[in-house]
Every structure is written in C-alpha cells, then in structure tokens.
Amino acid sequence: MAFEKELKVAQLAVARASILTKSVFAEKAKGTISKEDKSPVTIGDYGAQALIIAAIKHNFPEDEVVGEEEASTLREQKELSSKIWNLVKDTKLSDEDSDTMLGGPLKTEDDMLNAIDAGNSAGGAKGRIWALDPIDGTKGFLRGGQYAVCLALMVDGDVKVGVLGCPNLPIDDSEPLKEDMGAAATDKEGYGVLFSAVQGEGARIQPLTRGALSGGHSISVKKVTDVTQAVMCESVEAGHSSKGDNAEIAQKLGVTGKPVQMDSQAKYGSVARGAGDIYLRLPVRKDYQEKIWDHAAGDLIVREAGGQVTDIHGNRLNFSIGRTLRDNKGVVATPANIHAQVLKAVGEVLSAKI
Ligand SMILES: Nc1ncnc2c1ncn2[C@@H]1O[C@H](COP(=O)(O)OS(=O)(=O)O)[C@@H](OP(=O)(O)O)[C@H]1O
Ligand SMILES: [Mg+2]
C-alpha cells in the first residue's frame, strides 16, 4: 500500500480535529461561548488547523501545508487565543497510541500559534504539500448542519491522499440524503463519518470515532442507469453556486427530484458513497477563484470511488498552480458513466448565458 503512514496520520489528525470542532459546537449550544463572541467558527477553525498541522509537522517535518487560516490577527487577540488554547490542549483521541503517533498534545500556546502559521505554503507543482480546510462549510457548522474537516496530500501537484471528516453525516450509506442531518452538539449515535482515499487504491468510509480508527468499508458512486432519477446536491449559499443554473441543468436532464442543499465537501463524500449522484458548483462571480482546500480531498475521494470530477469545461481540477484553482471554473462531480451527459447539459445551459 502506498502512502500508508500519510493516510494514517491524516485520518487520526482529522478525527482529533473533528472532536475539537464538536466540543466547540457543544460549548456554543450550552451558551458557554457568548453570542457577542461570534467566534465558534473562529475557535474551531484555528484550533483544528493547529492540531492538524502539528500532527503533520511531527511526522513529516519537511512537508509544506496550504492552510486556510493564519495566526497574525490571533496573536493580537490574547483572550481569543487563550480560549482556543484551552480547547486545543485538552483535545485528545481516546486511544493513547494514536495521540502519540500525532506527537501527543501541543505543549504551549506559542506552539499552537506557530502550528497555525505553518499553513502558509504558496502551493505549487513541486514537492509534498498538504491542503487543509479545518472547517469547510462554516455556515453549516454554525447551524449544526453539514461541515467537513478536510485534508489532502499533494505530491508534485497531484492529489495522492484525501481525508474528509464529516461529523454530521449518517454512518449508514443508504440513508436518503437530506440537509442538516444530525446535530453536532453531541456524539449522536449513528452520525459522523470519515472518508479517505489513496490514489489508485479506492475510497473508503468508516465511523468517525474517538478511538483508534478501524473497520469501515470501500465505497463507490452509484451507477446511475436513469439520469432523471439522479439526486443532485448543491451549495446552501446562493453566492457560492448558481441555484438558477442548477435548476435549468436539472430540467434539461429531466431530473425530477429537488436538489439537496448541504454545505461543505460533505457533498463530495455523499456522491462518493452513492447517497447523492450529481454535485454541481456553478460560478456566480466570474472573478472568484476556487480554493484548493475546498476541493482537493473531495476530488480524489469521488474519483477513487468511480466518479469523475471536472470543472464546467470538462477539465480536471488543477491543484498544481498555487493556493487557488485559477485554471478552472466551477465543479461537475458525477458517477463516471453519466459525466459526459451532465457536462453536455452544463455546457448548453451556461453557454446560452454568455
Ligand atoms: N463566491 C464564491 N463562490 C464559490 N465559493 C465560495 C465563494 N465565496 C466563498 N466560497 C467558498 O465556498 C466554501 C463553502 O462551499 P460550500 O459548497 O460548502 O458552500 S455552502 O456553504 O453550502 O454555500 C467556503 O468554504 P468555508 O469558508 O471553509 O466554509 C468558501 O471557501
Ligand atoms: Mg472551505
């Protein structure tokens, strides 16, 4: 097996960071984090980034990380920083060996800030670079809906390992897809999954637990024989993907069901396990460049599960040119057997608008 250690570190680091995000949400639900704070997402984002980067740096000191956050403002906000530190220092997997593999707990608040700042890679086509989104789907996280802790390893610009922690997706693959499944406030029975993929070795899912991660099974996209029955997933925010274009494309394909709206890369995970079939991300603003941390893990997981992922022009997502996907526009993720058909409909609808 290739990238065995990288996969294990990524899975455990994402699981540990997911635990932190759940504690933050629980504090918010209890009212311990006051409303004026507006900071649950900041706390979760910074805390999860610190934990994951510390784990990467412990195991692979030479690797670079493209992380969504940086700590310069946090260094000036002492109160916020110590709040985050209080959570970070106490977040553990229940399995001691696993924590040890991640380098154990962080030692000082300064270590935490330095770990956050180590996510400053410019990305690119050379070497080993991790792409990290500590909380993707921030709005979903705040609502107790879908969000994801996302980590991918790129080698020379090619995604080799992808892991998505989705604390609020159901463990049961066959549960029909609906928005806001689960509640992040608790370790609710039956919710929380970890998707992983290694290039060339398929995609897997396992329950996202506090203990050592084991078990699980391989997943694959659903082979859609009749596209009119396909389940489409789309962003919640109208500003992130055009709802109108999505509806027109659905109509062109004859899709009858309503699209399921969910935040974050949980959409990629859902397509990969066959709970959803088509994920379209249709540009709203011409100038917006998608960020690599919003797509790297999901792209690999869907492709390894038998799906195809391209932009709206049919080009593979290009993770090798920096922190953004500036060569691409939008995303079309589907089972391989319907990708050409969906892409054609996307092209027809979007070209009519230019
Ligand atoms: N204008 C525009 N167009 C496209 N995408 C944008 C745009 N603005 C932001 N973002 C990024 O969208 C990430 C969340 O994507 P989602 O698919 O989860 O969207 S949604 O929350 O369901 O609307 C979100 O990631 P998070 O910030 O981690 O939540 C952003 O990086
Ligand atoms: Mg994101």
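Remember, it's 1-based here, ligands and their atoms both numbered in the order they're listed. Computed over heavy atoms, backbone and side chain alike; hydrogens, waters and symmetry mates excluded. If you read the sequence from its start, that first residue is 1, and numbering goes on from there.
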- Task: Determine whether the side chains of Asp63 and Trp130 contain a donor N or O and an acceptor N or O closer than 3.5 Å.
- Result: yes
- May I ask you to identify, for Asp294, whether its side chain, its backbone, both or neither come under 4.0 Å of ligand 1 on a heavy-atom basis? side chain
- Report yes or no: do Val66 and Ile321 belong to one cluster of Ile/Leu/Val/Met/Phe/Trp/Tyr joined by side chain heavy-atom distances under 4.5 Å? no
- Query: How many angstroms lie between CG in Leu51 and CG in Leu12, if you round to the nearest 0.5 Å?
  - Reply: 12.5 Å
- Message: Given Gly140, Pro283, Ser264, Gly298, identify the one with the heavy atom nearest to atom 18 (O) of ligand 1.
- Response: Ser264
- min-distance N/O/S atom, Asp294 vs the Mg ion (ligand 2), resolves to OD1
- If hydrogens are left out, which of Trp293, Tyr268, Tyr279, Tyr288 has an atom nearest to atom 3 (N) of ligand 1, that is, the closest non-hydrogen atom? Tyr288
- Message: With heavy-atom distances below 4.0 Å as the criterion, list the atoms of ligand 1 near Gly239.
- Response: 1 (N), 2 (C), 3 (N)
- Message: Quick one about His295 and Asn328 (side-chain donor to acceptor, distance below 3.5 Å, no hydrogens or angles considered), yes or no?
- Response: no
- Query: If you measure from each non-hydrogen atom of Lys139 to ligand 1, which part falls under 4.0 Å: side chain, backbone, both or neither?
  - Reply: neither
- CD (Glu96) with more than 12 external heavy atoms under 6.0 Å: no
- Return yes when Gln265 approaches ligand 1 closer than 4.0 angstrom through a heavy atom, no otherwise. no
- Glu237 heavy atoms within 4.0 Å reach ligand 1 at atoms 20 (S), 21 (O), 22 (O), 23 (O)
- At a 4.0 Å threshold, what atoms of ligand 1 neighbour a non-hydrogen atom of Asp263? 18 (O), 20 (S), 21 (O), 22 (O)
- Message: Check contact between Gln261 and ligand 1, using heavy atoms of the residue and a distance below 4.0 angstrom.
- Response: no
- Is any N, O or S atom of Asp133 under 2.8 Å away from the Mg ion (ligand 2)? yes
- Tell me, which N, O or S atom in Asp136 is closest to the Mg ion (ligand 2)? OD1
- Message: Testing the 3.5 Å rule here: is there a donor-acceptor pair between the side chains of Ser81 and Arg75?
- Response: no
- Any heavy atom of Val284 under 4.0 Å from ligand 1? The part involved is neither
- Message: Taking a cutoff of less than 4.0 Å between a non-hydrogen atom of the residue and any ligand atom, is Ile135 in contact with ligand 1?
- Response: yes
- Distance-only donor-acceptor check, side chains Glu234 and Ser241, under 3.5 Å: no
- Using non-hydrogen atoms of the residue, decide whether Gln146 is closer than 4.0 angstrom to ligand 1. no
- Query: Is Val236 reachable from Met232 through a run of hydrophobic residues whose side-chain heavy atoms are each under 4.5 Å from the next?
  - Reply: no
- Item | Distance-only polar pair, side chains of Glu70 and Ser72, donor-acceptor under 3.5 Å | yes
- What residue and atom, counting heavy atoms only, is the protein's closest point to atom 22 (O) of ligand 1, and at what distance? Val236 N, 2.7 Å
- Message: Distance alone, cut at 3.5 Å: any donor-acceptor contact between the side chains of His240 and Tyr288?
- Response: no
- Query: Looking at ligand 1, does Gly137 have a heavy atom less than 4.0 Å from it?
  - Reply: yes
- Message: How close do Ile278 and Ala230 get, counting heavy atoms only, and between which atoms?
- Response: CD1-CB, 3.8 Å
- Message: Show the atoms of ligand 1 that are less than 4.0 angstrom away from any heavy atom in Asp133.
- Response: 28 (O)
- Please state which protein non-hydrogen atom is closest to atom 14 (C) of ligand 1 and give its distance, to 0.1 Å? His240 ND1, 3.6 Å
- Query: Using a heavy-atom cut-off of under 4.0 Å, does the side chain or the backbone of Lys267 touch ligand 1, or both, or neither?
  - Reply: side chain
- Message: Between the side chains of Asp263 and Arg143, is the shortest nitrogen-to-carboxylate-oxygen separation below 4.0 Å, so that they form an ion pair?
- Response: yes
- Item | For Glu68, atoms of ligand 1 separated by under 4.0 Å from a heavy atom | 27 (O), 28 (O)
- Message: Can you confirm whether the side chains of Tyr279 and Thr334 place a donor and an acceptor under 3.5 Å from each other?
- Response: no
- Give the single entry among Met262, His295, Arg281 that approaches atom 12 (O) of ligand 1 most closely by any heavy atom. Arg281
